[in-house]
Asks: 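Sharing a structure, written as structure tokens. Questions coming.
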Amino acid sequence: MGQLIKVSKALTIAGSDSGGGAGIQADLKTFQELGVYGMSVLTAVTAQNTTGVQGVFPVSIEGLEAQLASIASDLTPDAIKTGMLFSGEYIERTAYMIRKFAWENVVVDPVMVAKGGATLLGEEALHAMKTCMLQLAKIVTPNIPEAEALTGIEINSPEAREEAARVLFDAGADHVVVKGGHFGNGDFVTDLVFNGIEMFELIEKRIQTKNTHGTGCTFSAALAAELAYGRKPESAIVNAKKYIQTAIEHGIDVGSGHGPVNHFAYRRIAHEQY
Ligand SMILES: Nc1ncnc2c1ncn2[C@@H]1O[C@H](COP(=O)(O)OP(=O)(O)O)[C@@H](O)[C@H]1O
Ligand SMILES: Cc1ncc(COP(=O)(O)OP(=O)(O)O)c(N)n1
């Protein structure tokens, strides 16, 4: 007789990237690589590749709710990440259902714009993000433009980034990570973490590469996987950072534009295959 193994379960609520580098695809690859059972609720389908986003096609609100209800009736997630939520209405419905099902360990990646410049969240959705989603976040992970949009603070100095982190914490997020991929272009990349008590930076070598498609999705999915295991947010943040750094460092040659990160690098390194 086969043996059944208990596993941690993580859910991504996000958009599909047909090119496989970001969105749901990046999230599920990351969950799998980190040994967590992955589930997905789609908000929208994007026609996308490494050169950009060619189209965005939302799933209906009924479709969104039906997927969430199916998960809730059978497969309680140990952690969740939200990515591209498409519009204010989708954010409100998603937040309502997360509350209704009392799901915990929510990582909110407030995806707004793809690196190529395509809009993935309407401007009208900012209000819903600030009033419905931030309060659910065990960890919120804005990049610099997202932190600026959410706080109204122009982030042109380390002090301004700290102020933005405080504003996001005061808005209801338990832990704030303001990512540093878009912050300067020196030899190092620094992510700022604030948990309401301590403010600290995670500093890593900046990898000179154009293959950074899906970095934000992958990082937040790794955070959700870590929380699903029951890790404390601070440990989850440190471990997820190692995962994304390794994935960028061992980039893969796929597509002619901004290629994806290497989701299997972390596992291969662990098994001394690089
Ligand atoms: N060139 C790079 N070298 C090393 N780490 C990077 C690089 N670009 C982004 N990162 C890291 O990847 C994660 C995602 O960051 P960022 O690119 O700012 O987010 P997004 O993809 O949402 O725009 C962060 O931990 C950031 O520090
Ligand atoms: C479907 C979908 N969701 C999110 C993104 C944004 O991905 P992110 O990791 O924040 O960064 P880039 O891929 O834009 O580099 C996306 N592109 N598609």
Side-chain angles (χ1 to χ4, degrees), residues 10-18 22-28 38-48 52-77 79-143 145-152 167-168 170-174 176 214 216-217 220-221 224:
L11 168 67
T12 167
I13 307 171
S16 162
D17 168 6
S18 53
I24 291 272
Q25 288 79 1
D27 298 342
L28 290 176
M39 302 173 285
S40 59
V41 164
L42 254 75
T43 55
V45 171
T46 70
Q48 187 172 177
V53 178
Q54 290 82 42
V56 178
F57 309 91
V59 166
S60 66
I61 280 283
E62 293 74 26
L64 173 73
E65 289 180 342
Q67 294 174 78
L68 289 165
S70 291
I71 302 281
S73 66
D74 189 38
L75 295 154
T76 304
I80 301 173
K81 75 147 271 189
T82 64
M84 173 189 175
L85 290 176
F86 182 68
S87 77
E89 189 184 8
Y90 285 62
I91 292 173
E92 282 164 16
R93 294 314 296 171
T94 302
Y96 171 78
M97 292 189 84
I98 290 174
R99 275 188 202 285
K100 178 171 143 186
F101 301 135
W103 286 341
E104 293 182 344
N105 293 324
V106 182
V107 179
V108 175
D109 184 10
V111 172
M112 293 178 192
V113 178
K115 280 212 180 67
T119 301
L120 299 175
L121 187 73
E123 282 229 339
E124 96 300 340
L126 263 185
H127 178 72
M129 187 60 83
K130 286 193 269 194
T131 54
C132 302
M133 284 308 292
L134 287 182
Q135 301 69 22
L136 296 177
K138 175 137 286 175
I139 310 177
V140 65
T141 61
N143 62 22
E146 289 157 358
E148 290 184 327
L150 287 168
T151 62
V167 169
L168 292 169
D170 290 343
D174 261 12
V176 181
C217 299
S220 54

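Just the heavy atoms: all of them, side chains too, but no hydrogens, waters or symmetry mates, feed the values below.
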Asks: Working to the nearest 0.5 Å, report the span between CD1 of Ile80 and CG of Asn105.
Replies: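 Answer for the CD1-CG pair, Ile80 versus Asn105, is 8.5 Å.
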Asks: Output yes when a side-chain donor or acceptor of Tyr90 lies under 3.5 Å from a complementary backbone atom of Val59, and no otherwise.
Replies: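 Between the backbone of Val59 and the side chain of Tyr90 there is a qualifying donor-acceptor contact (under 3.5 Å).
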Asks: Determine whether more than 12 heavy atoms belonging to other residues, nucleotides or ligands lie under 6.0 Å from atom CD of Glu104.
Replies: no
Asks: Rounded to the nearest 0.5 Å, what separation is found between the CG atom of Leu121 and the CE atom of Met129?
Replies: 5.5 Å
Asks: Quick one: closest heavy-atom pair of Pro77 and Ile71, and the distance?
Replies: CD-CG2, 4.2 Å
Asks: Are side-chain heavy atoms of Ile13 and Leu85 found at a separation under 4.5 Å?
Replies: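 Answer yes - side chains close enough.
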Asks: Nearest 0.5 Å, please: how far is CE in Met39 from CG in Leu28?
Replies: 10.0 Å
Asks: How about Ser16 and Gln25: does a side-chain donor come under 3.5 Å of a side-chain acceptor?
Replies: yes
Asks: Are Glu65 and Arg93 close enough, and set up right, to give a salt bridge (Lys or Arg N to Asp or Glu O under 4.0 Å), and what steps lead you there?
Replies: CA-CA 8 Å; Glu65 289 180 342; Arg93 294 314 296 171; 2.5 Å; yes
Asks: Does either side chain, that of Lys81 or that of Thr12, offer a donor lying less than 3.5 Å from an acceptor on the other one?
Replies: no
Asks: Are side-chain heavy atoms of Leu11 and Trp103 found at a separation under 4.5 Å?
Replies: yes
Asks: To the nearest 0.5 Å, what is the distance between SG (Cys132) and CD1 (Ile98)?
Replies: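 Reported value, rounded in 0.5 Å steps: 10.5 Å.
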Asks: Can you find a heavy atom in the side chain of Met84 that is under 4.5 Å from one in the side chain of Thr46?
Replies: yes
Asks: Is there a donor-acceptor pair under 3.5 Å between the side chain of Glu124 and the backbone N or O of Ser87?
Replies: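 Between the backbone of Ser87 and the side chain of Glu124 there is no qualifying donor-acceptor contact (under 3.5 Å).
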Asks: Can you tell if the side chain of Phe86 reaches within under 4.5 Å of the side chain of Ile91, non-hydrogen atoms only?
Replies: no
Asks: Report yes if some heavy atom in the side chain of Pro58 is under 4.5 Å from a heavy atom in the side chain of Leu64; otherwise report no.
Replies: no
Asks: Looking at every heavy atom in both Asp109 and Glu146, which two are closest together, and how far apart are they?
Replies: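 The answer is OD1-OE1, 4.2 Å.
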Asks: When you compare the side chain of Ile139 with that of Val108, does any pair of heavy atoms fall below 4.5 Å?
Replies: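 No, side chains not in contact.
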Asks: Hey, does Thr76 have a side-chain heavy atom less than 4.5 Å from the side chain of Phe101?
Replies: no
Asks: Using modelled atom types and a 3.5 Å cut-off, is there a donor and acceptor pairing between side-chain atoms of Ser40 and backbone atoms of Ile24?
Replies: no
Asks: Let me confirm one number: the CG-CG distance from Leu134 to Asp170, rounded to the nearest 0.5 Å.
Replies: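 If we round to the nearest 0.5 Å, Leu134:CG and Asp170:CG are 11.5 Å apart.
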Asks: Taking all heavy atoms of Glu92 and all of Ala128, pick out the closest pair and write down the distance.
Replies: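 That would be OE2-CB, 4.0 Å.
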Asks: Looking at every non-hydrogen atom in both residues, tell me the closest pair between Ala149 and Leu126 and how far apart they are.
Replies: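 Residues Ala149 and Leu126, closest heavy atoms: O-CD1, 3.7 Å.
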Asks: Is there side-chain contact between Met112 and Leu150, with heavy atoms separated by less than 4.5 Å?
Replies: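 In short, these two side chains touch, coming nearer than 4.5 Å.
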Asks: Please report the closest heavy-atom contact between Pro142 and Leu168, naming both atoms and the distance.
Replies: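 Scanning both residues completely, I find the closest heavy atoms to be CG-CD1, 3.8 Å.
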Asks: Identify the two heavy atoms, one from Gly23 and one from Asp17, that lie closest to each other, and give their separation to 0.1 Å.
Replies: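 Scanning both residues, the minimum pair turns out to be N-CB, 4.4 Å.
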Asks: Nearest 0.5 Å, what's the CD-CZ distance between Gln135 and Arg99?
Replies: 6.5 Å
